[in-house]
Colleague: 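To start, I am sharing the structure in question, which I have written as structure tokens.
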There are 4 protein chains.
Amino acid sequence: MRRKIFNLIQVSPHNRASHAVDLFILFLIILSVVEIILESFRDFESEYHILFVDFEIFSITIFTIEYLLRLLTADYKYPEDGWLKSRLRFIFSTSGIIDLLAILPAFLPLLIKVDLRFLRILRLFRLARIFKLSRYAKSLRLIGQIVREKMPELGISMSVIFLILLIMSILIYHLEGDVQPEHFPNIIAALWWSVVTLTTVGYGDIFPVTDMGKLLAGSISLLSIGLLALPAGIISSGFIERIHRTKKCPHCGKDLEQH
Amino acid sequence: MRRKIFNLIQVSPHNRASHAVDLFILFLIILSVVEIILESFRDFESEYHILFVDFEIFSITIFTIEYLLRLLTADYKYPEDGWLKSRLRFIFSTSGIIDLLAILPAFLPLLIKVDLRFLRILRLFRLARIFKLSRYAKSLRLIGQIVREKMPELGISMSVIFLILLIMSILIYHLEGDVQPEHFPNIIAALWWSVVTLTTVGYGDIFPVTDMGKLLAGSISLLSIGLLALPAGIISSGFIERIHRTKKCPHCGKDLEQH
Amino acid sequence: MRRKIFNLIQVSPHNRASHAVDLFILFLIILSVVEIILESFRDFESEYHILFVDFEIFSITIFTIEYLLRLLTADYKYPEDGWLKSRLRFIFSTSGIIDLLAILPAFLPLLIKVDLRFLRILRLFRLARIFKLSRYAKSLRLIGQIVREKMPELGISMSVIFLILLIMSILIYHLEGDVQPEHFPNIIAALWWSVVTLTTVGYGDIFPVTDMGKLLAGSISLLSIGLLALPAGIISSGFIERIHRTKKCPHCGKDLEQH
Amino acid sequence: MRRKIFNLIQVSPHNRASHAVDLFILFLIILSVVEIILESFRDFESEYHILFVDFEIFSITIFTIEYLLRLLTADYKYPEDGWLKSRLRFIFSTSGIIDLLAILPAFLPLLIKVDLRFLRILRLFRLARIFKLSRYAKSLRLIGQIVREKMPELGISMSVIFLILLIMSILIYHLEGDVQPEHFPNIIAALWWSVVTLTTVGYGDIFPVTDMGKLLAGSISLLSIGLLALPAGIISSGFIERIHRTKKCPHCGKDLEQH
């Protein structure tokens, strides 16, 4: 019986019953995201409030049953671990945490007393439902793998970018802080300008007005544009390596990646 | 007779008569685009209104004759298909649809009753004439081929970018929605900010003002700038691969690509 | 005698006298550019007006003598051509035209009657002096060579970008023209917005305000960001290929490029 | 005795006592940077002013002792040089200058009479403490090495970018100077616009308003976007080459780079 349930909730496009369950959960996730978007239209939300509440109760029920079943059959997923260890391993796995976060906002107010402000932040955790997609969408899993693989390179280039942002912020604060105290009140505020400039977004809400500030902004923009290209290049190369690796072998036609 | 017409309207720089027809149609397409641009200068348009109308009647007549002749000789283009099938195949081919859209706005008002608002949208379909260029300009055909070839890679990276845009929009709406309800009234409106920020366009019409909003905007800008480079890299590599493939062999001088 | 003059004005770091002439001309070019910049400070210019006029007369005299000497010794530069042909070849060579443009603004008013407005445009031709640097700065010559080499690839990608800009402009004009007639009065004006958006500069002087306009702007930004990377990639690859080619041979230590 | 001190202050994760000294100095550097940031919050600074002064005295004392000890044991660092020469070599080495700049702002006012304005600039030199990190953070040393290695390529592309910026500035000044004298008062002011446009930051504080100015801005944006990619490409390639070189051998596990 428990083995049957395990096979049913596993992602497998070959077993018809299991595939139907996958599609149902997938459909519910997408509907959940649509619900989050529609709720933000306040007129619409107040008009169909009951519908939104009903759907919320329904989806939480399904996601809770799904979570409990996955917990129950965790020993089939990790057969090398014991009864308790396999369950703990599921709870603390990435997908286990995501599944829990997706239903937690509904149960926490029942368990502990929370104020309204905290409740609103709690509701944001429903965003975890988007990440539940990663069980079904290979592309989302890919990002995680690539970022983990390329972590050493990313770490180096990110720390270099962070140091340049810091130096930029300290210098611009000292050059512009007296002239535009409302825009550069302190170094942390100047960091916002540094990020907006270095990423070349350039909203135009804050910009240097003194000659020295412009000289600094111009020089650093020109010099460090190459550094910003680093994480881009690293992630891109990781992504493209991956795509090549998942291609089929040209000789035997077999899939080159092990699942 | 029909074979002669077919040879005449086919693109071929070697046959003199056919080449003349090509150049005439090409000239008419470019003139059509110039007409669309000039019409937008309202003073100019009202002064030379009759000239614009006359040119429109003339170009529609030519394009209609061209379309009918292509339809008539479709069995020479697809010799393996039958009389009806070859004609249907032309009608539903990409270039067939473009040719039809380029003349449709002139005929639809005669067939069905349309209101003025719809008529204006109809006139926009004349833009299809730009795409008629693709029969003559190899570069325009190239894009279509490359995009089709690289679709799996583009699909993955585009879906990743779309998910990040979605998550950005939901988070920024919850962080800035109360403070700037006029700029972030709902999640779909927040999506506009997300796209403008992630593509680093940064018009400056909307930007976060709260500390948490700035933290989110800054972090995502820095982290996801690599993801935006993905479709760029994929299309670039596809384009450059193509250009190399279309080069001639250095030894025998023959074209290296099969047409 | 003429041969001696030719050797003197040729760029050669090995001959001491010729090298001194090179440095003198180079110094005069840089001073000329500094003069153009300083002239734009109006207070400064009016105070030292006589100095600027004197320097202008001096530099024009030297550049004219240089031009005449190069013309006189053109048959040593193109020894395979005859007396007249070598001179004509120099006059219509890129560096010959640049040399002429650099002195023309001073002589044209003496030859023909020009009005004040035209005189101001004429003075801009002094900018040609910057390009005179290309005789001495290898890097400037490099750009010209690379752009010429990669012209077919650049042509294709530039025409694709131009067509997308055109389609963007026509669509945004029809979507925003009625709502913001002051920003999108006609399609040519809309082209300015298209360029500013596609290059991700995003000044924020013009942006779409309607929902459909934002949808169009967002979609095209996301889709075509890859196309903009094309000329970047092409020129970059050309530049890097060049740099590798100009390196010395690792075996014999000789310069790998023929001059 | 001096040898022991030398071993203690050298960066070495294997010797426990020396590692403790490294971590202590590292901790003090980070605390110094945090102090610089916190000082910029004026309310906070005035409340805890005495704490800041105390910490400053403490850190300067430690950094001075560190500097003197490094100076004292310089003959162990450069054993091939004599007593005086090794000391001079340390003083004028990059890390020696950084160490001196980090403590100088505290001692200069004692040695010579400085006015308040100069004192503020002096305090900025404390930023040198960030660069003291380079002794401990490999990533910071990497940048220096890569920039030095790729200097010829960077030099060429930077000079090309600078020339384009110059030409852009001169042209836009002549096209927009009369219409917007407050934004383009002279060519140096126009250079700010050129940098902001070419790096695609586009704050929107200054932009062309005349038709010719827009034409120039649009053309140069499109044409030179490729050139801006050059330093990015060069530094990226240098960085990635380095990362590959610093990897360990997959067979023997040894570090592939010689230190």
Colleague: Could you have a look at D:A217, D:P208, D:G218 and say which one has the most heavy-atom pairs with chain C under 4.5 angstrom?
Modeller: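 So the answer, after comparing D:A217, D:P208, D:G218, is D:P208.
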Colleague: At a 4.5 Å cut-off on heavy atoms, which part of C:V33 comes close to chain D: side chain, backbone, both, or neither?
Modeller: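 The answer is the side chain of C:V33.
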Colleague: How close do C:V201 and D:T197 get, heavy atom to heavy atom, and via which atoms?
Modeller: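 Closest approach of C:V201 to D:T197: CG2-O, 3.7 Å.
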Colleague: Taking C-beta and beyond as the side chain, do C:S40 and D:F184 meet within less than 4.5 Å on heavy atoms?
Modeller: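 Sidechains of D:F184 and C:S40: no contact.
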Colleague: Quick check on C:F107: does its CZ atom have over 12 non-hydrogen neighbours (other residues, nucleotides or ligands) under 6.0 Å away?
Modeller: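 Check passes, neighbour count above 12.
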Colleague: Do the side chains of D:I188 and C:F41 get nearer than 4.5 Å, heavy atoms only?
Modeller: yes
Colleague: Contact part of C:L124 toward chain D, heavy-atom cut-off under 4.5 Å: side chain, backbone, both or neither?
Modeller: side chain
Colleague: Would you find more than 12 non-hydrogen atoms of other residues, nucleotides or ligands less than 6.0 Å from C:F55 atom CZ?
Modeller: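 For C:F55, atom CZ is crowded (more than 12 foreign heavy atoms under 6.0 Å).
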Colleague: If I take atom CG from residue D:L171 and atom CG from residue C:L127, how far apart are they, to the nearest 0.5 angstrom?
Modeller: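 Reported to 0.5 Å precision, the distance equals 5.0 Å.
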Colleague: Indicate the atoms forming the closest heavy-atom contact of D:I206 with C:Y203, along with that distance.
Modeller: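 Distance-wise, the nearest heavy atoms are O-CE2, 3.7 Å.
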Colleague: With sequence neighbours excluded, tell me which residues meet salt bridge (Lys or Arg N to Asp or Glu O under 4.0 Å) with D:E182.
Modeller: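 Salt bridge (Lys or Arg N to Asp or Glu O under 4.0 Å) list for D:E182, sorted by chain: empty.
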Colleague: Compare every heavy atom of C:I36 with every heavy atom of D:I187, then report the nearest pair and how far apart it is.
Modeller: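 Of all heavy-atom pairs spanning D:I187 and C:I36, the closest is CD1-O, 3.4 Å.
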Colleague: How close do C:M158 and D:L222 get, heavy atom to heavy atom, and via which atoms?
Modeller: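 Distance-wise, the nearest heavy atoms are CE-O, 3.6 Å.
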Colleague: Kindly give the heavy-atom pair with the smallest separation between D:L166 and C:I37, and that separation in Å.
Modeller: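 Heavy atoms of D:L166 and C:I37 come nearest at CD1-CD1, 3.8 Å.
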Colleague: Looking at side-chain heavy atoms only, is the closest gap between D:N186 and C:L38 below 4.5 Å?
Modeller: no
Colleague: Does atom OH of D:Y76 have more than 12 heavy-atom neighbours from other groups under 6.0 Å away?
Modeller: yes
Colleague: Identify, with sequence neighbours excluded, every residue that meets ring pair (Phe, Tyr, Trp, His ring centres under 6.0 Å) alongside D:F125.
Modeller: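 D:F125 satisfies ring pair (Phe, Tyr, Trp, His ring centres under 6.0 Å) with no residue once adjacent residues are dropped.
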Colleague: Heavy-atom distances under 4.5 Å only: say whether D:Y173 touches chain C with side chain, backbone, both or neither.
Modeller: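 Contact with chain C involves the side chain of D:Y173 alone.
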Colleague: C:L165 versus chain D, heavy atoms under 4.5 Å apart: side chain, backbone, both or neither?
Modeller: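 Looking at C:L165, just its side chain touches chain D.
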